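Bear in mind the structure is a predicted one, so any value in this text is a computation, not a measurement.
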There are 2 protein chains.
Amino acid sequence: MNSDAPRGKAGTTRMPTIDDVAAHAGVSTATVSRVLNGNYPVAKHTREKVLEAVAELRYTANAHARALAASATRTVGIIVNDVVDPFFSYIVRGVEQEATLSDRLCLVAAARGGSGRSSRDEELELIDRMREQRADAVIVVGGAYDDEGLRRKMADRARALADVGSVLVLCGRPSLGDSVPTKMVGYDNEGGAFALTEHLIAQGHRRILYLGGPPGLSTTSARLQGYRRALLARGIAPTDDLVHEGAFGRHFGYTRMRELLQTNLSYTAVFAANDLVAAGALEALTDAGIRVPEDISLVGYDDIPQSFELRPKLTTVHVPLEEMGRESVRIALHREDAFDRQSANEVVVGTHVVVRESVAPPREA
Amino acid sequence: MNSDAPRGKAGTTRMPTIDDVAAHAGVSTATVSRVLNGNYPVAKHTREKVLEAVAELRYTANAHARALAASATRTVGIIVNDVVDPFFSYIVRGVEQEATLSDRLCLVAAARGGSGRSSRDEELELIDRMREQRADAVIVVGGAYDDEGLRRKMADRARALADVGSVLVLCGRPSLGDSVPTKMVGYDNEGGAFALTEHLIAQGHRRILYLGGPPGLSTTSARLQGYRRALLARGIAPTDDLVHEGAFGRHFGYTRMRELLQTNLSYTAVFAANDLVAAGALEALTDAGIRVPEDISLVGYDDIPQSFELRPKLTTVHVPLEEMGRESVRIALHREDAFDRQSANEVVVGTHVVVRESVAPPREA
DNA sequence: TTGAAAGCGATACCAG
DNA sequence: CTGGTATCGCTTTCAA
């Protein structure tokens, strides 16, 4: 009489529920739940009956009912600026990989601002939405703006997440203070910039243009600071006329470099705030008939794969983006056990200068 | 006595529930639900009391409880090959944008195969997982392999999704047949390839190398077919020695082009299966001292933004990737109303050849 | 080893 | 316009 699949309204089959399975197997729902979760002893024979029923009915558990009852969602959230930017997409890839490894799905959202909303506010709201979804962790990626109010709001979110057993992971962004319950995955921007600048200085450069990076963004500040410290360390006074912050995109690199080329500002090397900016700058330079590195040296930051596809291949600082993504979910999911409490609330991945072809000694050294 | 936020075990605050809000505002949960969803008349005064309580308690609804009760999740799923590949990441961006517009979150997963699992199987499993999550729609992106068994399994998934009121969207992949409940967002691969090849032929090329694309993938087949049809239309016999399928990555383009350069195969133009392959091929060509387009012409497909950052700027076929992403969620969410049933179960976005700098007449025409 | 039943936190129907 | 309450599908004591 009844067809195999239970039918609901409007001729749509409704999904079989755990009750259907229980009935079909002649056991209780509790038993079904147990064999499905395998966290409780069940007689072999019973188990098999249940499994059969499951297969026959093509039953799959309702993730929401499960989340509601067990308050665990097998989901991690990640919030980036732009999924198309390689910096972010490689991190997303890492997160997605590791999430899959732990049998979780990945909520991805972009807070790029626009239409009257600042990317900061969007970010906060997205965290809230992911908390509503009870994501097991929420990973926010990329530099943060230096703003006390913002920091406070973010700290609130961190606490709100902690309250429901989730956790906020800061990936590539500074801590909110020891009292705020977050985990961190960082890399040394200041140090990398220092090393990279040193490399330039060692080649004989003294007037180095700093190009790009949103002003006020932690990433920019740190890189700029490393640049300045390296200069100072070699007795070169950093001058403001050589610092041109702005943005992180290739477009910015291209247009600003082009503008700068029309001025009589002089420098023998360009430190681009990231590889994308470097790519744009390279294009502007090349278009203007300036050879890299013969006429001007150029370096980037991040070491996205595209950077060795440029001609000349770009000298840059390697940042293990995918690894950071993976580490973010690992650290988030790693519930501290009795043994090593606070084992790792923070991991710092290593970076290093990758010397390729875009740097040479200055022409008139 | 009681602190504001209800406390649960282990000193963690638990989230306020709708009951808390109701109690706080002195109304019933039903009323709270009504003001929150704004889908039912509520007295102004009552509404305000509730809203106050909500604010005071920092209440946010539990998305799972809501999903369970209302069976609607405000979530769309998208399954791609690789989040780092621009083809996919631009589509993801479009999906994410449109999802946000409809106040939905986005589940992103990658089925890139590996570790013994084929990307096809992974794709199927991911669809299942997203169905467990009751995603309002599941969008699978990119070409499909020509395999009857696979098609049947995919059709099963489509039905399973339809059964729970969700929908499978095929984005850039061929239909599963009229009887299968899916929506489609397509673009004309065959026609684009035809036009592009014609462009080459019009410039005087007759021996055109076809490079890249996984054999058996619908995308590859369609582009190849367009290429052949164009040749035939101009009375040129397509020959197999000029067809070199393989993969879609830049790496493939580079290495295979390089290998081909060592043979004595002759051709005056290269039709790369996509822009990434073209970028790789360009690099190999350039490295070998061959000028594009003076010595050899080169075209790509997709028109990812990088393609006009190449030197020479790449002539290619424009595919509106972001738009496809947006359209995918629009078409998925567009419940057909009484008026125009089956209004749009399928949309085909337009493509066109973008002539830039990488094509010139052959040297010895 | 298994079952009964009490939640989990919302929605929506049915009265009032 | 508002309140009571059954219900969604699963997990998890508590007993047997």
Which of these nucleotides, dG3(C), dA12(C), dT11(D), is closest to any side-chain atom of Asn37(A)?
dT11(D)
For atom CD of Glu132(A) and atom P of dG9(C), their distance in whole Å:
14 Å
Reckon Ser33(A) has a side-chain N or O less than 4.0 Å from the OP1 or OP2 of dC10(D)?
no
Taking 4.0 Å as the cut-off, does a side-chain nitrogen or oxygen of Ser28(B) come that near to OP1 or OP2 on dG3(D)?
yes
Might you confirm whether atom CG of Asn39(A) has over 12 heavy atoms from other residues, nucleotides or ligands at distances under 6.0 Å?
yes
Just by distance, do the side chain of Ser166(A) and the backbone of Asp136(A) share a donor-acceptor pair under 3.5 Å?
yes
Looking at the side chain of Thr17(B), which of dA5(C), dA10(C), dC10(D) is the nearest nucleotide?
dA10(C)
Given dT11(C), dA5(C), dT2(D), which nucleotide is nearest the side-chain atoms of Thr29(A)?
dA5(C)
Closer than 4.0 Å, any side-chain N/O of Tyr40(A) to the OP1 or OP2 of dG3(C)?
no
Rounded distance (Å) that lies between atom C1' of dG7(C) and atom CD1 of Ile18(B):
16 Å
Should the heavy atoms of other residues, nucleotides or ligands under 6.0 Å from NZ of Lys153(A) be counted, would the total exceed 12?
no
Does a donor on one side chain sit under 3.5 Å from an acceptor on the other, for Ser118(B) and Arg120(B)?
no
From dT2(D), dT2(C), dG9(C), nucleotide with atom closest to Ala43(A) side chain
dT2(C)
Relative orientation of the end axes in the helix from dT1(C)-dA16(D) to dG16(C)-dC1(D), expressed as an angle to the nearest 10° (five pairs per end):
40°
Ala69(B) side-chain proximity, nearest of dC10(D), dT2(C), dT11(C):
dT11(C)
Is there a donor-acceptor pair under 3.5 Å between the side chain of Glu122(A) and the backbone N or O of Gly113(A)?
yes
Would you mind checking if Arg93(B) and Glu96(B) are paired as a salt bridge, meaning a charged N to carboxylate O distance below 4.0 Å?
no
Could you state the CZ-P distance from Arg66(B) to dG9(C), rounded to the nearest angstrom?
14 Å
Quick check: on DNA chain D, is the nucleotide nearest Arg47(B) upstream (toward 5') of the one nearest Ala70(B), or the reverse? Name the residue that is more 5'.
Arg47(B)
With respect to the side chain of Thr46(B), which nucleotide from dT11(D), dA10(C), dT2(D) is positioned closest?
dT2(D)
Using atom NZ of Lys44(A) as one end and atom P of dT1(C) as the other, report the distance to the nearest whole Å.
13 Å
Rounded to the nearest angstrom, tell me the gap between atom NE2 in His24(A) and atom P in dG9(D).
18 Å
Arg152(B), CZ: over 12 other non-hydrogen atoms inside 6.0 angstrom
no
Are Arg131(A) and Glu125(A) ion-paired here, with the side-chain N under 4.0 Å from a carboxylate O?
no
Classify the side chain of Arg34(B) versus the base of dG3(D) as yes if they form a donor-acceptor pair under 3.5 Å and no if they do not.
yes
Nearest whole angstrom, please: distance from the P of dC10(D) to the NE2 of His64(B).
15 Å
Just how far, in rounded Å, is P of dC8(C) from CG of Asn62(A)?
18 Å
Rounded to whole angstroms, how far apart are CG on Leu68(B) and C1' on dG9(D)?
6 Å
Starting at the 5' end of DNA chain D, which residue's closest nucleotide do you reach first, Ala65(B) or Val27(B)?
Val27(B)
